[in-house]
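Worksheet: the structure to be examined is printed underneath.
Reckoned from all heavy atoms, side chains included, excluding hydrogens, waters and symmetry mates.
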Amino acid sequence: MGNRVYRIVEADRPGFGALIFFHGVGGSAAGTMANEALREFAEREDLALVAAEAALDDWNIPGSPTTYQADAVDELAYFDALLEKLEQETEIDLTRMFVAGFSAGAMVVWTLACHRSDAVAGFIPVSGTFWEPLPGQCGSLDADLIHYHGRQDDVVPMQGRPVADSHQGDLDVAFALMAQTSEFGTSISQERSELSCERRESETGQRLELCTFAGGHQFQVGFLQDAFLQLSANRPNRN
């Protein structure tokens with residue numbers, strides 16, 4: 001795809017959806033595909049697994065440390081090109097397109113939720129959010145967003161931390177920013193297995209939810225399984 005790459009495993013059945021996954025720092029599309037549990041999850045859900053790949057060893061997103069910055073790298077343009085290519089060259093049901101990511105990859109997911117919220121059916125970031133300064137404003141949240149985060153995470157703490165000449169954003173502030181884009185109701189608390197979740201829903205049915213767990217900086221396929229149970233992946237896109 002120009003000078004950028006991605007990998008894909010398509011589902012066997014017609015009308016399949018897709019899970020686009022963004023890796024963490026130092027990861028790769030090949031590394032994503034080596035996660036057998038992730039591949040098995042996608043297969044069970046009739047999803048193509050699409051592994052995105054950073055141009056460098058990290059994603060170039062606003063506010064990230066200058067050691068990783070590259071002016072020629074535009075992640076929004078990469079995402080747009082990836083969606084266009086998938087639409088042109090696969091039989092993916094575009095109403096069943098979801099985006100997930102871990103750590104730095106989750107930071108990309110939050111950026112997409114802010115600037116491309118009408119492009120997919122749902123966002124599932126794990127252990128990562130915006131860098132400071134957060135966007136001044138985001139577009140209307142036209143998809144669901146469920147975030148998973150360890151309460152003992154010391155790599156990307158929920159309140160953020162300084163990294164080189166940058167600073168990770170505060171997760172509560174990120175949620176407040178996204179909540180401004182739509183009219184969301186009162187928060188509803190729910191315990192699901194080992195997850196403690198706080199959910200808000202908009203009048204049009206969009207779901208904005210934070211689920212925390214006892215643990216550190218980690219990704220589990222079980223988080224995706226929980227998200228898909230909540231989002232009912234087979235429902236029509238509401239956009």
Output, in order, the C-alpha distance, side-chain angles, deciding distance and verdict of side-chain contact (heavy atoms from CB on, under 4.5 Å) for His115 and Leu76.
-> CA-CA 8 Å; His115 299 291; Leu76 290 177; 4.2 Å; yes
Between Arg116 and Asp80, is a side-chain contact (heavy atoms from CB on, under 4.5 Å) present by the stated rule, with each step listed?
-> CA-CA 9 Å; Arg116 297 292 188 272; Asp80 292 342; 2.9 Å; yes
Check against side-chain contact (heavy atoms from CB on, under 4.5 Å), His147 and Phe123 | CA-CA 8 Å; His147 180 103; Phe123 299 92; over 6 Å; no
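To the nearest 0.5 Å, atom OG1 of residue Thr186 and atom CD of residue Glu201 are 11.5 Å apart. Here Leu134 contributes atom CG and His167 contributes atom NE2; the two are 11.5 Å apart, rounded to the nearest 0.5 Å. Rounding to the nearest 0.5 Å places CZ of Arg207 at 8.0 Å from SG of Cys197. Summarising the geometry, atom CG belonging to Leu47 is positioned 13.5 Å from atom CZ belonging to Phe21; distances are rounded to the nearest 0.5 Å. Here the CH2-NE2 distance, from Trp59 to His23, works out to 4.5 Å after rounding to the nearest 0.5 Å. Atom CG of Leu38 sits about 6.5 Å away from atom CG of Leu19, to the nearest 0.5 Å.
Between Phe219 and Leu224 the shortest side-chain heavy-atom distance falls below 4.5 Å. The closest side-chain heavy-atom distance from Ile20 to Phe79 is below 4.5 Å. Taking the side chain as every heavy atom from C-beta outward, Arg151 and Ser196 approach each other to under 4.5 Å. Annotation: side chain of Trp131 is not in contact with side chain of Thr111 (no heavy-atom distance under 4.5 Å). Taking the side chain as every heavy atom from C-beta outward, Thr212 and Leu210 approach each other to under 4.5 Å. Side-chain contact check for Val50 versus Leu82: some heavy-atom pair is nearer than 4.5 Å. Side chains of Phe130 and Gln168 form no contact here, defined as non-hydrogen atoms less than 4.5 Å apart. Residues Met178 and Phe184 have side chains not in contact (no heavy-atom distance under 4.5 Å, counting atoms from C-beta outward).
The number of heavy-atom neighbours closer than 6.0 Å to CD of Gln159, taken from other residues, nucleotides and ligands shown, is above 12.
In this view, Gln152 and Ala214 satisfy the side-chain contact (heavy atoms from CB on, under 4.5 Å) rule, not counting sequence neighbours. Residues passing the side-chain contact (heavy atoms from CB on, under 4.5 Å) test with Ile188 are Arg199, sequence neighbours excluded. For Glu198, the side-chain contact (heavy atoms from CB on, under 4.5 Å) criterion is met by Ser187, Ser189, not counting sequence neighbours. Qualifying side-chain contact (heavy atoms from CB on, under 4.5 Å) partners for Asp153, counting only residues two or more places apart in sequence or in other chains: Ser127, His149, Val155, Val156, His217. The salt bridge (charged side-chain N to carboxylate O under 4.0 Å, His left out) test applied to Glu203 returns no partner, not counting sequence neighbours. Every residue two or more places apart in sequence or in another chain that forms a salt bridge (charged side-chain N to carboxylate O under 4.0 Å, His left out) with Asp46 is listed here: Arg13. Applying the salt bridge (charged side-chain N to carboxylate O under 4.0 Å, His left out) rule to Asp172 yields no partners; only residues at least two apart in sequence or on another chain are considered. Every residue was checked against the salt bridge (charged side-chain N to carboxylate O under 4.0 Å, His left out) condition with Arg200, not counting sequence neighbours, and none meets it.
Aromatic ring pairs are classed by plane angle as parallel below 30°, tilted from 30° to 60° and perpendicular above 60°; the pair Phe22 and Tyr78 is perpendicular.
Among residue pairs with one or both ends in residues 103-152, those qualifying as disulfide (SG to SG under 2.5 Å) are Cys114-Cys138; sequence neighbours excluded. For residues 22-43, the set of pairs meeting the salt bridge (charged side-chain N to carboxylate O under 4.0 Å, His left out) definition, not counting sequence neighbours, is empty. For the salt bridge (charged side-chain N to carboxylate O under 4.0 Å, His left out) condition, the pairs that include at least one residue of residues 177-194, sequence neighbours left out, are Arg192-Glu209, Arg192-Asp226.
In terms of heavy-atom proximity, Ser117 sits nearest to Ala143 at O-CB, 3.5 Å. Residue Ile124 comes nearest to Phe228 through the heavy atom pair CD1-CE1, 3.7 Å, listed as atom of the first residue, atom of the second, then distance. Considering every non-hydrogen atom in both Asp58 and Ala54, the closest pair reads O-CB, 3.6 Å. The two atoms that bring Ile92 and Ala48 nearest to each other are CD1-CB, 4.2 Å, heavy atoms only. Met33 and Leu49 get closest at one heavy-atom pair: CE-O, 3.2 Å. Closest heavy-atom contact between Gly139 and Thr181: O-CG2, 3.1 Å.
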Taking distance alone, no hydrogens or angles, what donor-acceptor pairs closer than 3.5 Å link side-chain atoms of residues 1-10 to residues at least two apart or in another chain?
from, atom 1, to, atom 2, distance (Å)
Arg4, NH1, Glu75, OE1, 3.3
Arg4, NH2, Glu53, O, 3.1
Arg4, NH2, Glu75, OE1, 3.0

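Of the possible polar contacts, none joining the Ser64 side chain to the Asn60 backbone as a donor-acceptor pair under 3.5 Å is found.
Between Phe102 and Tyr148, the ring center distance fails the sub-6.0 Å criterion.
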